Amino acid sequence: AQTVTQSQPEMSVQEAETVTLSCTYDTSESNYYLFWYKQPPSRQMILVIRQEAYKQQNATENRFSVNFQKAAKSFSLKISDSQLGDTAMYFCAFLTGANSKLTFGKGITLSVRP
Amino acid sequence: DAGVTQSPTHLIKTRGQHVTLRCSPISGHKSVSWYQQVLGQGPQFIFQYYEKEERGRGNFPDRFSARQFPNYSSELNVNALLLGDSALYLCASSPTPISGGYTFGSGTRLTVV
């Protein structure tokens, strides 16, 4: 069974600073995808960044980047130049082709302070 | 382009009642998945449909059922509602089941009293 663990329930960061959100996962599959989703109070789950397991290069999307350590099964999200609009819950998620379902972690509440 | 649309946005039902939730995927997306998100938790997979056939089912009781229509829209039905069914129900669409490019709707908030 696949599991996703987000051990930090909440974090706080000053505006314009950098913050890193941690995620670990467990799977026996070799081909899979990892995602970070953002869920603001509006409830909609918004895709932040995606990483294919077969790619060694870490994905980046503007201010968002990941540190993907396949051997350690670790997938952390770094947010640079934090903005007030980054305040939200962030979920790490995992997908394999075997069952095509997203498995989510419990999420972390990120607060950006002005 | 319209995103994934879900209706209704909010719903209050009484224990024992039946509920139907609806989802319209992004145009061109043939796969629809349903997730249940209890307050303070990550979403849990309920169903996935692709080309009108069930492709996956999560660990939910038979009171939960779903279907996908020829236009790829989908319905989630829950019978004999329990208090524990109170949650945010999210629909996600993607071009195919394993493309990974899931786009979520804003969800239906179901409250069972």
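Keep in mind that this is a model prediction, so the values were computed, not measured. Reminder, nothing fancy here: chain letters follow the sequence lines and each chain counts from 1.
Interface summary for chain A: among B:G40, B:G107, B:G42, B:P43, the most heavy-atom pairs under 4.5 angstrom belong to B:P43.
Residue A:K106 places its NZ atom among 12 or fewer non-hydrogen atoms of other residues, nucleotides or ligands, all under 6.0 Å distant. Residue B:L39 qualifies as open at atom CG: its count of foreign heavy atoms under 6.0 Å is 12 or below. With a 6.0 Å radius and a threshold of 12 heavy atoms from other residues, nucleotides or ligands, B:L82 has its CG atom above the threshold. Within 6.0 Å of atom NZ in B:K13, more than 12 heavy atoms from other residues, nucleotides or ligands are found, so the atom counts as buried in its surroundings. The neighbour count for B:R63 CZ, taken as heavy atoms of other residues, nucleotides or ligands under 6.0 Å away, is above 12.
B:Y102 places no side-chain N or O within donor-acceptor distance of the main-chain N or O of A:K101, the cut-off being under 3.5 Å.
Both B:I46 and B:L81 are assigned to one and the same hydrophobic cluster, defined by single-linkage of ILVMFWY side chains at heavy-atom distances under 4.5 Å.
Between B:Q37 and A:R43, the closest side-chain pair of non-hydrogen atoms is not below 4.5 Å.
For a residue to count as touching a neighbouring chain, one of its non-hydrogen atoms must lie under 4.5 Å from one of that chain's; by this rule B:Y35 touches chain A with the side chain only. Contacts between A:E52 and chain B at a heavy-atom distance below 4.5 Å are absent for every atom of the residue.
In this structure, B:Q44 CD and A:L102 CG are separated by 11.5 Å, a value rounded to the nearest 0.5 Å. Interatomic distance, B:C91 SG to A:M45 CE, rounded to the nearest 0.5 Å: 12.5 Å.
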message: Run the ring pair (Phe, Tyr, Trp, His ring centres under 6.0 Å) test on A:Y37 and B:F104 for me, step by step, so that the C-alpha distance in whole Å, both residues' side-chain angles and the decisive distance to 0.1 Å come before the verdict.
response: CA-CA 10 Å; A:Y37 279 91; B:F104 282 83; 5.3 Å; yes

